[in-house]
Structures are given as structure tokens and as C-alpha cells.
Amino acid sequence: MPFLSAGLALLFGAIAIVGAYAVWLATARRRATPSSTSRTTTSVVIVVPVFDEAPLIDGKLANLDALANKQRVLIVDGGSTDGTIDRVRAHGKFELLETTLRNKSAQLREALRVTSEEWILVTDADALLEPDTLTKLLAVIDDSTGVVGASVRPVSAHALESLHWRATDWLRDRESDRGSAAIVAAPCYLAHRTFLELPHDTIADDVHVACRAMLAGLRVGHADARVVELRSPRTLRALLRHKYRKADAYLREIVRFVPLTPRMPRAQRAIFLWRAALLTLVPILGMLATVALAISFAFEFTLAMQLGSVAMLVVIALASRGAMLAAVLAGVSAVALLTYPFSRQEASFPKILQPIEYE
């Protein structure tokens with residue numbers, strides 16, 4: 001059964017890469033949190049890019065009231081027509097920058113133009129932050145840090161989405177112990193303004209700022225701060241669509257920064273290349289394994305073996321959400337790789353939820 005052997009070898013190869021990375025991270029020595037005493041006077045502006053956020057904007061403004069204290073807050077609107085601007089004006093406590101830029105990356109570039117603070121806390125309208133979030137993010141900063149991210153917990157999300165966030169938080173925490181996290185989470189991160197000078201084709205601002213920081217020889221930190229995300233995929237269909245967009249956006253940054261990896265310090269380069277392998281090599285191996293196993297299933301298996309294989313796959317899927325999540329991520333990443341030459345995405349994704357779906 002040559003196709004069966006080839007398929008299993010490819011599958012085990014993909015699993016081995018993921019496993020080796022997990023073991024490498026798990027054996028890292030815990031990094032001590034730097035003292036924040038020297039960062040109490042760090043200049044920070046909170047920037048919130050928005051577009052048609054009427055279902056969420058009141059809650060976000062109230063959340064910012066508890067968070068901001070005396071910090072400057074800039075709401076950057078992309079031409080909302082659903083009353084978002086009126087609610088920000090009625091609130092009256094924060095600056096409002098009106099634009100026609102229905103694109104988060106472009107909105108962040110515009111925010112740079114009208115601010116001068118050294119550090120920028122970027123947070124989405126659907127993210128609720130704990131009152132001490134900024135304090136916790138600043139506590140992670142030292143002279144070797146360029147960007148700091150927070151942990152995210154989605155509300156009413158599909159079970160695989162919740163699992164994915166927990167796994168991602170673990171990865172970023174352990175990566176930070178190895179020298180630098182690979183990315184930060186888009187709902188909330190603190191970045192030095194240097195790294196928010198985003199190219200016009202940037203889709204994933206959270207990935208780009210992290211890669212820029214690593215290229216500059218700085219670490220990407222991970223703070224013990226929890227962010228609640230109110231807008232997450234709730235169905236499998238929405239989850240697949242969302243993960244495909246994320247994979248496609250991440251792939252764009254891998255293509256952009258791979259040629260520059262020789263300029264990265266050793267720790268940052270290792271993290272970047274491991275993550276690049278997870279998004280490219282692992283899905284390729286998984287895709288080839290799937291083809292080989294499908295051919296083996298069709299031509300090399302007896303009927304009894306086919307039925308047994310189907311039953312085994314059903315049991316694995318039902319018993320392990322981790323296996324289901326791995327299959328989903330590998331699948332959408334493989335599709336993103338195949339369609340990458342034709343991708344025309346912009347940093348203005350359709351909303352995951354419709355207004356009537358918000359809680």
C-alpha cells in the first residue's frame with residue numbers, strides 16, 4: 001500500500017513539526033516581568049479605529065471611560081453612516097477624527113499623522129478591556145520591547161474559536177519566554193509608533209507590527225491582561241471564512257518578511273520561521289497526506305477497511321476538539337496558500353456579525 005505509507009509519513013511529518021515546536025516552547029525558562037517603575041511617565045495615546053459600530057460603540061466608550069483615566073483617546077472613524085459618529089460626539093469626552101477610510105490600516109496611518117505620543121494602544125470597538133489593561137501592558141515594556149499584546153477571550157463564540165484563542169494565548173506566552181512572541185492580538189495591543197507606519201497593502205496590522213518589531217531587533221511581549229471580544233464567529237461556516245481571511249493576511253506578512261529574516265536576531269528569527277512553517281509547510285504536508293490517503297482509501301482499501309477508517313475518523317472528531325481545530329486551521333491555511341496569488345483582500349473585512357446578532 002504505497003499511497004497509505006506515503007500519506008502516513010506525510011501526516012506524521014506535519015504532526016512532528018507541530019509537536020517539536022510545542023515541546024521547544026514548553027521547555028523554555030519563564031521570563032521575569034521587568035520592573036515598570038521607569039514607565040510611569042511613558043506617553044501613550046489610545047486609538048480606536050471604527051466603522052459603523054452603532055451596536056457596540058456605547059459600550060466601548062463606557063469601557064474607555066474606565067480605562068483611560070487621563071490618557072488621550074482618539075476615535076478614528078472611517079465614514080460611518082449608522083449613527084456611530086453622533087454617539088461619539090454626544091459622549092463628548094474623547095477626540096474624534098473623521099475620515100472616509102474604511103480600512104483599519106489606513107485609519108492607523110491617519111492616527112499617526114495627528115498624534116505624537118511615543119506609544120499607541122490600538123483597540124477595536126468590539127474589545128472590552130479591564131481597567132488596569134494599560135498598566136499591565138506598560139509593565140511588560142523594557143528597552144528591548146517594541147510591541148506588547150494581551151490575551152483575548154471571545155463571547156458566545158464557536159467552541160473551536162474559543163479553543164483557538166486559548167491555544168494562541170499559550171503560544172504567545174511561551175514564545176515570549178523564548179525571546180519574542182510571534183504576533184499580538186488585534187483587539188488590543190500596545191506598540192511603539194515606529195511600527196505602526198503600515199504599508200498600504202497591510203491587512204493584518206497585528207502581525208505586521210510584530211514582524212516590524214522583530215526585524216528591528218526588539219521583542220514582542222505578552223502581558224497578563226484579559227480582553228473580552230464581543231464579535232466572534234458563532235457558526236462553523238463563519239469560523240471557516242474568518243480563519244481563511246486571517247491565514248491569507250498572515251501569509252502576506254510571511255511573504256513580505258521572509259527575505260528579511262537574516263537581519264533578525266537569532267531569537268526573533270527562530271520564532272518567525274517556526275510560525276512560518278506552521279502556516280506553510282505543515283498545511284502543505286497535510287494537503288499532500290490527504291491526497292495520498294484519499295487515493296489509498298479509494299483504491300487500496302477493502303470495503304471493511306473503508307468503513308473502519310470512516311468510523312475511526314468520526315470517533316476522533318467527536319472525541320477531540322483539538323484534532324478538529326488542527327484540521328480546520330491546516331485546511332484553511334492550505335486553501336490560503338493555493339489561492340494566495342489571486343488574493344485581493346483589504347484591511348476592511350465584512351463584519352463577522354450582523355447588528356441583530358449582537359448581545
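On a predicted model such as this, the values are computed, not experimentally measured, just so you know.
A salt bridge does not link Arg212 to Glu253: none of the charged side-chain nitrogens sits closer than 4.0 Å to a carboxylate oxygen. A salt bridge does not link Glu175 with Arg178: none of the charged nitrogens is closer than 4.0 Å to a carboxylate oxygen. Between Asp52 and Arg102 no salt bridge is recorded (no basic side-chain N to carboxylate O distance below 4.0 Å). A salt bridge links Glu161 to Lys243: at least one charged side-chain nitrogen sits closer than 4.0 Å to a carboxylate oxygen.
Considering only heavy atoms from C-beta on, Lys104 comes within 4.5 Å of Asp205 through its side chain. Side-chain contact between Leu215 and Arg263: present, with at least one pair of heavy atoms (C-beta onward) separated by less than 4.5 Å. Between Thr202 and Pro199 there is a side-chain heavy-atom pair separated by less than 4.5 Å. A 4.5 Å side-chain heavy-atom check between Asp248 and Val332 finds every atom pair outside the cut-off. Within the 4.5 Å cutoff, the side chain of Val184 has heavy atoms near those of the Val209 side chain. Looking at heavy atoms from C-beta onward, Asp77 lies out of side-chain contact with Thr99 at the 4.5 angstrom threshold. Residues Glu118 and Arg193 fail the side-chain proximity criterion, which asks for heavy atoms closer than 4.5 Å. Residues Arg166 and Ser151 fail the side-chain proximity criterion, which asks for heavy atoms closer than 4.5 Å.
Side chain of Thr115 to main chain of Ala111: a donor-acceptor pair is present (N/O by atom type, distance under 3.5 Å, no hydrogens or angles). Between the Ser180 side chain and the Ser176 main chain, no donor and acceptor come within less than 3.5 Å of each other. Using modelled atom types, one side-chain atom of Arg87 and one backbone atom of Ala54 make a donor-acceptor pair closer than 3.5 Å. Side-chain atoms of Ser80 never come within 3.5 Å of backbone atoms of Ile85 as a donor-acceptor pair (strictly under, hydrogens ignored). Between the side chain of Asn63 and the backbone N or O of Leu128 there is no donor-acceptor pair closer than 3.5 Å. Here the side chain of Gln107 pairs no donor or acceptor atom with the backbone of Pro49 at under 3.5 angstrom. In terms of modelled atom types and a separation under 3.5 Å, the side chain of Arg72 and the main chain of Val47 share no donor-acceptor contact.
Every pair tested for side chain to side chain donor-acceptor pair (under 3.5 Å) that includes a residue from residues 282-293 fails, sequence neighbours excluded, so the list is empty.
Donor-acceptor pairing under 3.5 Å is recorded for the side chains of Asp142 and Thr145. Defined by atom type and a distance below 3.5 Å, a donor-acceptor pair is missing between the side-chain atoms of Ser156 and Arg234.
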Would you check, one step at a time, whether the test side chain to side chain contact (heavy atoms under 4.5 Å, CB included) holds for Tyr21 with Leu171? CA-CA 10 Å; Tyr21 188 45; Leu171 279 176; 4.2 Å; yes

I'd like to know whether Leu11 forms a side chain to side chain contact (heavy atoms under 4.5 Å, CB included) with Leu285, so could you lay out the CA-CA distance, the side-chain angles of the two residues, the decisive distance to 0.1 Å, and finally the verdict. CA-CA 7 Å; Leu11 181 60; Leu285 291 175; over 6 Å; no

Could you go through the side chain to side chain contact (heavy atoms under 4.5 Å, CB included) check for Arg29 and Asp177 one step at a time? CA-CA 6 Å; Arg29 178 178 299 178; Asp177 293 335; over 6 Å; no

Decide yes or no on side chain to side chain contact (heavy atoms under 4.5 Å, CB included) for Ile120 and His192, but give the supporting numbers first. CA-CA 6 Å; Ile120 297 178; His192 193 279; over 6 Å; no

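Residues satisfying the side chain to side chain contact (heavy atoms under 4.5 Å, CB included) criterion with Ala277, sequence neighbours excluded, are Leu281.
The minimum heavy-atom distance linking Cys188 with Thr133 is given by the pair SG-CG2, 4.0 Å. Nearest heavy-atom pair across Lys246 and Asp206 is NZ-OD2, 4.3 Å. Here the shortest heavy-atom pairing between Ala186 and Asp124 reads O-OD2, 3.5 Å. Minimum heavy-atom separation, Asp169 to Ala150: OD1-O, 4.4 Å. Nearest heavy atoms, Pro187 versus Glu229: CG-OE2, 3.6 Å. Taking both residues in full, the closest heavy atoms of Ser333 and Leu329 are given as OG-O, 2.8 Å, listed atom of the first, atom of the second, then distance.
Using a 4.5 Å cut-off between side-chain heavy atoms of Ile, Leu, Val, Met, Phe, Trp and Tyr, with links allowed through other members, Leu74 and Tyr189 fall into the same hydrophobic cluster. Residues Val282 and Leu288 share a hydrophobic cluster, clusters being chains of Ile/Leu/Val/Met/Phe/Trp/Tyr side chains in contact below 4.5 Å. Cluster membership check: Leu112 does not share its hydrophobic cluster with Leu101, using side-chain heavy-atom separations under 4.5 Å among Ile, Leu, Val, Met, Phe, Trp and Tyr. No chain of hydrophobic side-chain contacts below 4.5 Å, direct or via other Ile, Leu, Val, Met, Phe, Trp or Tyr residues, connects Leu134 to Val122.
By the neighbour-count criterion of 12 heavy atoms within 6.0 Å, atom CZ of Arg269 is densely surrounded, having more than that number from other residues, nucleotides or ligands. Remark: Asp82 CG is packed, more than 12 non-hydrogen atoms of other residues, nucleotides or ligands lying under 6.0 Å away.
Less than 6.0 angstrom separates the ring centroid of His208 from the ring centroid of Phe257.
When each of Asp65, Thr84, Thr123 is checked for a side-chain hydrogen bond (donor to acceptor under 3.5 Å, both in side chains) with Lys60, only Thr123 meets the rule.
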